[in-house]
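See below for the structure under consideration.
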Amino acid sequence: MTAPEAESLRARTGAPRPSVWRGQGPVVAVVALGGAIGAVARYAASLWWPAQSGGFPWTTFGINVVGCAVIGVFMVVVTDVWSAHRLVRPFFGTGVLGGFTTFSTYAVDIQKLVDAGHPRTALAYLAATLLAALAAVWLGVTAARRVLKWRQR
């Protein structure tokens, strides 16, 4: 004899589970691939434009602002213009741009600045990144929509 609530915990027999590769498998794969590409691009940018110790982290700031502008343009293109394949948004938006932009390095940079005795620079970086990232998304969306409107005339 079993308790009625235990019935819902039993493994159900019946219809087989769909293959992972027909469900979320491809999405996970393209996000991972895109993330690797974005992370390599971010690393290349940090080698090309190294940050000074104790100074304003311009590299991470620039990467995050550029990434936000690109996501603004990208979202207008894939929602207003182009009927993209279902894997394009996860690949580029979540994967590439998610791997390129970096909240973790942003947080570590703030902590390093505070630990090095530069709390004002850390606070300025914290606020500037937030404001610049939001402005970049807005500018990206606005510019993309204006260009599209201009091209339709």
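Owing to the predicted nature of the structure, the values given are computational and were not obtained by experimental measurement.
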Checklist entry - Which residues satisfy the side chain to side chain donor-acceptor pair (under 3.5 Å) test with Thr121, sequence neighbours excluded? => result none
Item to check | Path from Met75 to Val65 over hydrophobic side-chain contacts below 4.5 Å | outcome: no
Next on the checklist: If I compare all heavy atoms of Ile63 with all of Ala45, which pair ends up nearest, and what's the gap?
Outcome noted: CD1-CB, 3.8 Å
Checklist entry - Using a side-chain heavy atom cutoff under 4.5 Å and only I, L, V, M, F, W and Y, what cluster partners does Trp138 have? => result Leu139
Checklist outcome for this item: Across all chains, not counting sequence neighbours, the side-chain contact (heavy atoms from CB on, under 4.5 Å) partners of Ala144 are Val73, Val76
Checklist entry - Sequence neighbours excluded, which residues qualify as side-chain contact (heavy atoms from CB on, under 4.5 Å) partners of Leu130? => result Leu134
Checklist entry - In terms of hydrophobic clustering (I, L, V, M, F, W, Y; side-chain heavy atoms under 4.5 Å; direct or indirect links), are Tyr125 and Val66 co-clustered? => result no
Next on the checklist: Taking ring pair (Phe, Tyr, Trp, His ring centres under 6.0 Å) as the definition, give me every residue that meets it alongside Phe103, ordered by chain and number, with sequence neighbours left out.
Outcome noted: Tyr106
Next on the checklist: Enumerate the ring pair (Phe, Tyr, Trp, His ring centres under 6.0 Å) contacts for residues 29-51, please, sequence neighbours excluded, ordered by first and then second residue.
Outcome noted: none
Checklist entry - Can you list every pair that meets side-chain hydrogen bond (donor to acceptor under 3.5 Å, both in side chains) and has a residue in residues 60-76, with sequence neighbours left out? => result Thr60-Asp109
Checklist outcome for this item: Residue set satisfying side-chain contact (heavy atoms from CB on, under 4.5 Å) with Ala122, at least two apart, ordered chain then number -> Ile110, Leu113, Val114
Checklist outcome for this item: Quick note, ring pair (Phe, Tyr, Trp, His ring centres under 6.0 Å) partners involving residues 72-92, not counting sequence neighbours, are Phe74-Phe92
Item to check | Pairs involving residues 123-148, ordered by first then second residue, that meet salt bridge (Lys or Arg N to Asp or Glu O under 4.0 Å) (sequence neighbours left out) | outcome: Asp80-Arg145
Next on the checklist: With a 3.5 Å distance limit and no angle check, can you tell me whether Arg42 reaches the backbone of Gly99 through a side-chain donor-acceptor pair?
Outcome noted: yes
Item to check | Minimum side-chain heavy-atom gap Val27-Arg86 below 4.5 Å | outcome: yes
Next on the checklist: Suppose the criterion is side-chain hydrogen bond (donor to acceptor under 3.5 Å, both in side chains): which pairs have a residue in residues 110-119, not counting sequence neighbours?
Outcome noted: Gln111-Asp115
Checklist entry - Between Leu47 and Pro50, which heavy-atom pair has the shortest distance, and what is it? => result O-CD, 3.7 Å
Checklist outcome for this item: ring pair (Phe, Tyr, Trp, His ring centres under 6.0 Å) filter on Phe61, not counting sequence neighbours, yields Phe56, Trp58
Checklist outcome for this item: Distance col, row Leu87:CG vs Thr94:OG1, nearest 0.5 angstrom, shows 11.0 Å
